[in-house]
Amino acid sequence: MKAIRVHEFGGSDQLRYEDAPAPKPQADEALVKLEAAGLNFIDIYHRTGAYPLQKPFIPGLEGAGVIQSVGQNVTEFAPGDRVAWTMGPNSYAEEVAVATRLLVKIPDSVGTQTAAAVMLQGLTAHFLAHSTFPLQPGHTALIHAAAGGVGLLLVQMAKKAGAWVVGTVSTEEKAKLARNAGADEVILYTQADFEEEIKRLTNGQGVHVVYDSVGKTTFDKSLNCLRPRGYMVLFGQASGAVAPIDPQILNQKGSLFLTRPTSAPYLATREELLWRANDVFGWLEAGELNVRVDTTFPLAEAKAAHDYMEGRNTKGKVLLIP
Ligand code: NDP
């Protein structure tokens, strides 16, 4: 089969489209023929070695497709089932063997590509809004990169939970998308000082929670946007890693909380995975959540897709089509 493989950490030219051994499903796995693989920022961290994996590897943690065969222990799934997954490796490929504990069946009314678009970023937005800091009416939230893949979904979920939401984005085009997703206010953080804007918009009080996936360039000011006992949710580092901090900063700035969440502990059990996936699919079916597929690239053009994402262009989801 054809797949994208990384033999050395580095730039996007390390993404090689080449022949790879066809996967064979183990006892608790299903062999899936992919209709789409999702592109996520973590794929860039893997490619560059910021989050190192053993080489060579096939990147990609998300996809959707049709089951071709199942291992001997599998009873919950059968050939022909349309399934999607997040946090399963080797997704930039024509076929992948996925552990069935990671699979969810795609409802009839949800397209396979739509499912691929919503698993990793949608379930992330779900745990951020409902578990990391469970948003409620009356809460105020600042969401950075609000027109990105996670951003557009998180804005919608935060609004659905009743929060007042401010998003930051880099361009007018992205500002429009964030507003359409429901953001009450949008700050162009490339032009205005978002800390000053948050103070102005909250009458100096600050927000209850900051969801910060940008990292290096936003972290310090994000702490200053919080009200006393506010929650700093650092969940990514699109602009680079945050420097080590002295915990005393958290007391000086008002007994703040700091967390650095990642998916695995929030998808630790089958029940938790299905709870979040059923919510997300249910909201899609009910028209209460919109996933914006920004663009698709053929799998062979994964390099162009990475360049697009690293170049700060994503306005929703990017898919790779085998
Ligand atoms: P996005 O589509 O949001 O793309 C990243 C966005 O970050 C850009 O579009 C850009 O928005 C913003 N950005 C700011 N500075 C930079 C920079 N220097 N270089 C590139 N982008 C920059 O990607 P995803 O939705 O896939 O991921 C968003 C973030 O969430 C990532 O940091 C990712 O690692 C994290 N994440 C964390 C998870 C977890 O479990 N902890 C799970 C999923 C995602 P703008 O132009 O508006 O500034």
Side-chain angles (χ1 to χ4, degrees), residues 11-12 37-48 50-51 59-62 86-87 91 116-133 142-157 166-179 181 183 186-192 194 210-219 221-222 232-242 258-268 272-273 276 280 291-295 305-320:
S12 57
L39 182 74
N40 293 285
F41 216 92
I42 193 170
D43 306 343
I44 295 171
Y45 308 143
H46 286 153
R47 190 203 74 219
T48 60
Y51 296 179
L61 296 179
E62 171 185 53
T86 175
M87 302 313 286
S91 299
V118 86
M119 286 299 291
L120 197 151
Q121 294 168 341
L123 271 54
T124 298
H126 189 285
F127 77 68
L128 292 172
H130 294 281
S131 302
T132 309
F133 184 90
L142 169 60
I143 298 173
H144 289 307
V150 176
L152 284 175
L153 295 165
L154 183 55
V155 168
Q156 292 176 74
M157 288 186 205
V166 185
T168 61
V169 295
S170 63
T171 66
E172 283 293 353
E173 188 189 6
K174 289 183 175 185
K176 202 178 285 178
L177 290 170
R179 272 190 213 101
V186 179
I187 302 167
L188 270 85
Y189 56 178
T190 39
Q191 295 174 24
F194 73 83
V210 180
Y211 294 105
D212 188 342
S213 64
V214 174
K216 189 175 183 176
T217 57
T218 48
F219 181 81
K221 278 178 181 283
S222 293
M232 176 66 187
V233 180
L234 176 69
F235 70 99
Q237 52 183 54
S239 69
V242 173
L258 168 63
T259 181
R260 178 61 174 88
T262 186
S263 301
Y266 288 97
L267 300 173
E272 198 163 13
L273 170 68
R276 299 191 197 283
V280 168
V291 56
R292 182 175 196 277
V293 176
D294 177 13
T295 182
H306 274 227
D307 290 343
Y308 185 78
M309 180 170 259
E310 261 181 311
R312 240 172 137 158
N313 296 303
T314 38
K315 296 170 282 294
K317 188 70 194 179
V318 177
L319 293 173
L320 297 174

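Predicted model, so just to flag it, every value in this text is computed and none were measured. Order of appearance sets the numbers: ligands from 1, and atoms from 1 within every ligand.
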Protein heavy atom at shortest distance from atom 3 (O) of ligand 1: Gly148 CA, 3.4 Å
Sub-4.0 Å heavy-atom contact, Ser263 with ligand 1: yes
Sidechain-backbone polar pair: Ser213 side chain, Gly236 backbone, donor-acceptor under 3.5 Å: no
Any donor-acceptor N/O pair, Asn40 side chain to Asp43 backbone, under 3.5 Å: no
Side chain to side chain, Tyr51 and Gln237, heavy atoms closer than 4.5 Å: yes
Polar contact flag for Thr124 and ligand 1 (N/O pairs, less than 3.5 Å): no
Ser239 (side chain) donor-acceptor with Lys216 (main chain) under 3.5 angstrom: yes
Protein contact of atom 4 (O) of ligand 1 - nearest heavy atom, named by residue and atom, plus distance: Thr314 OG1, 3.3 Å
Closest protein heavy atom (residue, atom, distance) for atom 44 (C) of ligand 1: Val150 CG2, 3.7 Å
Ligand 1-proximal atoms of Gln237, by part, heavy-atom distance under 4.0 Å: backbone
Heavy atom of the protein closest to atom 12 (C) of ligand 1 (residue, atom name, distance): Ala145 CB, 3.8 Å
Min N/O separation Ser239 to ligand 1 under 3.5 Å: no
Options Gly240, Gly316, Gly167, Ala238, ranked by nearest heavy atom to atom 7 (O) of ligand 1, top entry: Ala238
Contacting atoms of ligand 1, where contact means under 4.0 angstrom from a heavy atom of Val169: 47 (O)
Thr262 side chain to Ala264 backbone, donor-acceptor under 3.5 Å: no
Contact check: Tyr45 vs ligand 1, nitrogen or oxygen atoms, below 3.5 angstrom: yes
Selected option - heavy-atom contact closest to atom 30 (O) of ligand 1, from Tyr266, Tyr211, Phe235, Tyr51: Phe235
Structural part of Pro261 in contact with ligand 1, heavy atom criterion under 4.0 angstrom: backbone
Atom 33 (C) of ligand 1 [closest protein heavy-atom partner, distance rounded to 0.1 Å]: Phe41 CB, 3.6 Å
For atom 22 (C) of ligand 1, the option (of Arg312, Glu310, Arg260) bearing the nearest heavy atom: Arg312
Within-cut-off N or O pair, Asn313 and ligand 1, under 3.5 Å: no
Verdict with supporting geometry, Tyr211 and Val150, side-chain contact (heavy atoms from CB on, under 4.5 Å): CA-CA 10 Å; Tyr211 294 105; Val150 176; over 6 Å; no
Residue, atom name and distance, where the atom is the protein heavy atom closest to atom 24 (P) of ligand 1: Gln121 NE2, 3.6 Å
Ion pair check, Glu272 and Arg276, cut-off under 4.0 Å: yes
Ligand 1 to Thr217 polar contact by distance, N or O atoms, under 3.5 Å: no
Numbering as shown, the atoms of ligand 1 that approach Gly149 to under 4.0 Å (heavy-atom distance): 1 (P), 2 (O), 3 (O), 25 (O)
Validation row: Asn313, Lys174 side chains within 4.5 angstrom (heavy atoms): no
Side-chain H-bond candidate by donor/acceptor type, Thr314 with Asp294, under 3.5 Å: no
Side-chain (Thr295) to main-chain (Val318) donor-acceptor, under 3.5 angstrom: no
Atom 43 (C) of ligand 1 - nearest protein heavy atom and its distance: Leu120 CD2, 3.5 Å
Residue pair His144, Phe194: steps toward the side-chain contact (heavy atoms from CB on, under 4.5 Å) verdict: CA-CA 10 Å; His144 289 307; Phe194 73 83; 3.5 Å; yes
Protein contact to atom 28 (C) of ligand 1 [nearest heavy atom, distance to 0.1 Å]: Ser213 OG, 4.0 Å
Residue pair Lys317, Leu153: steps toward the side-chain contact (heavy atoms from CB on, under 4.5 Å) verdict: CA-CA 10 Å; Lys317 188 70 194 179; Leu153 295 165; over 6 Å; no
